[in-house]
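Because the structure is a prediction, the values reported are computed rather than measured. Note that these values count all heavy atoms, side chains included, but never hydrogens, waters or copies made by symmetry.
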2 protein chains.
Amino acid sequence: MADSSSGGENLLFLTDEQLRKGIEAMFFAYRGFTADPDRILAQHDYGRAHHRALHFINRSQGTTVSNLLSVLGVTKQSLNRVLRTLIADGLVEARVGRRDRRERHLYLTEAGRTLEAELSEAQRARMRAAYRAAGPQAVAGFRQVLEAMMEEDMRRHYLALKETRR
Amino acid sequence: MADSSSGGENLLFLTDEQLRKGIEAMFFAYRGFTADPDRILAQHDYGRAHHRALHFINRSQGTTVSNLLSVLGVTKQSLNRVLRTLIADGLVEARVGRRDRRERHLYLTEAGRTLEAELSEAQRARMRAAYRAAGPQAVAGFRQVLEAMMEEDMRRHYLALKETRR
DNA sequence: CTTGGAAAGTCAACAACACTGACGTAAAAG
DNA sequence: CTTTTACGTCAGTGTTGTTGACTTTCCAAG
């Protein structure tokens, strides 16, 4: 195991008390995490599902519907409802695949990029503030714990997403 | 500011790229965070809202409805629907306040404690595994970042919760 | 003692977002 | 040519959240 800790045999952080506090921290923090985008989305008559779609389409321009499906972990019916409105509103474009014409490759339009940027900036602002307040070491730990908390499938998607050229 | 970092002026962790990865980590991790309790809840025909109610009633036995309301951040109508089923199913007991008889003080029954323990243990198991994998330093950072990410009101609730005698 | 207002609860209607199941179409794969 | 894959859609359902309106209870201040 990763026994490279500092203090050595200090396992106080594994107390049920400590674990419960971690659980509560996740709960309260997640509310903050979604609060700012939620406010913007409400103005545009969209919901969190739209935000998630915009985010991941932006992150993986040209991704297929089925890939997006497995990243988001929802059914195609659920995703389709959201995707349909985004396409109808001209925020997302679905291009028929060239090699495989069954596939739809998803792209953000100019308007889509604008809204995505607005949502992302709001969310990043809070994240930035939290990161700045906590410092680089804390951020590294934050990411380590979150990564270890993911289900296997999701971790694969997460790691795949990391491979963006800096 | 907390300038007690190691490297000094290393601000690479505030890159938009890094921030986006943090956002994605939160998204994927939160799914893992809720996955295990969700499976148990489905068997009992309950949802996440029931879990949250059980958790916070357990944490603050004797809390009032209005306090629970502001901790959970939902409307009383929404909470009431959940609370009604929990009371009807004999998992929660609502006692009329002695000093103020308008208030209802909420307690878990034996059955309530049993289910809460089952849900909590499942969630703690994952948290424990993540903590163990990441180590004490990472856990400290994790908590710092999450705390900084909360909205003010929620942070107050969170900190109030922390004051449990160890 | 009356009254104002807070606390709690209820009813009704609605919306977002998830699910299952079934079906259809187009196109790639065999 | 048949099967499988990718996508879309229709219909129905459930959980969880919301507003708005209304009642009951009851503490506390005038």
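- Regarding A:D100, its CG atom lies at a distance of 8 Å from the P atom of D:dC7, rounded to whole Å.
- Atom CD1 in A:I23 sits 4.0 Å away from atom CD in B:Q123 (nearest 0.5 Å).
- A distance-only check finds no donor-acceptor pair linking the side chain of A:T64 to the backbone of A:H105 [under 3.5 Å].
- Proximity of B:T75 to the phosphate of D:dT18: a side-chain N or O atom is located under 4.0 Å from OP1 or OP2.
- Position along DNA chain D of the nearest nucleotide to A:R31 versus A:A94 favours A:A94 as the more 5'-ward residue.
- Of the residues in residues 62-69 of chain B, those lying under 4.0 Å from DNA chain C by heavy-atom distance are B:T64, B:V65, B:S66.
- Comparing A:R101 and A:G73 by the nucleotide of DNA chain C whose heavy atom lies nearest to each, the residue mapping closer to the 5' end is A:G73.
- Residue A:Y30 contributes atom OH, which lies 15 Å from atom C1' of D:dT16 at whole-angstrom precision.
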A:S120 and B:R20: CA distance, side-chain angles, deciding distance, side-chain hydrogen bond (donor to acceptor under 3.5 Å, both in side chains) verdict: CA-CA 8 Å; A:S120 180; B:R20 278 186 187 274; 3.3 Å; yes
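- One end of the helix from C:dC1-D:dG30 to C:dG30-D:dC1 points its axis 20° away from the other end's axis, with each axis taken from 5 pairs and the angle rounded to 10°.
- A cation-pi arrangement is found for B:R95 relative to B:Y107, the charged atom lying closer than 6.0 Å to the ring centre and inside a 45° cone about the ring normal.
- Nearest heavy atoms, A:R104 versus A:A94: CB-CB, 4.3 Å.
- Taking CG of B:D45 as the start and NE2 of B:H50 as the end, the distance is 9.0 Å to the nearest 0.5 Å.
- As a whole-Å value, the separation of A:R104 CZ from D:dT5 P is 18 Å.
- Within a 6.0 Å sphere centred on CZ of B:R98, other residues, nucleotides and ligands contribute 12 heavy atoms or fewer.
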Pairs under 3.5 Å (N/O, protein and nucleotides 10-16 of chain C):
residue	atom	partner	partner atom	Å
C:dT10	OP2	B:N80	OD1	2.9

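- Nearest heavy-atom pair across A:Q144 and B:A138 is OE1-CB, 3.6 Å.
- Atom-to-atom distance recorded for B:S60:OG and B:I57:CD1 is 9.5 Å, nearest 0.5 angstrom.
- Rounded to whole Å, the distance from CZ on B:R39 to C1' on C:dC19 is 16 Å.
- In this structure A:Y30 satisfies the ring-ring contact (aromatic ring centres under 6.0 Å, His included) test together with A:F33, B:Y30, sequence neighbours excluded.
- A donor-acceptor pair under 3.5 Å is absent between the side-chain atoms of B:D89 and the main chain of B:L91, judged by distance alone.
- Between the CZ atom of B:R99 and the P atom of C:dA6 there is a distance of 19 Å, given to the nearest Å.
- Taken from CG in B:L41 to CG in B:L119, the straight-line distance is 5.0 Å, to the nearest 0.5 Å.
- Between A:F56 and A:Y158, a ring centre-to-centre spacing not shorter than 6.0 Å is recorded.
- Checked against side chain to side chain contact (heavy atoms under 4.5 Å, CB included), B:R31 has the following partners two or more places apart in sequence or in another chain: A:V74, A:M154, B:F27.
- The distance between atom CG of A:L79 and atom P of C:dC19, rounded to the nearest whole Å, is 10 Å.
- When rounded to the nearest whole Å, the span between NE2 of B:H51 and P of D:dG17 equals 14 Å.
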Between the protein and nucleotides 28-30 of chain D, list every N/O to N/O distance that falls short of 3.5 Å.
none

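- Atom-to-atom, CD of A:E103 to C1' of C:dA29 comes out at 13 Å; the value is rounded to the nearest Å.
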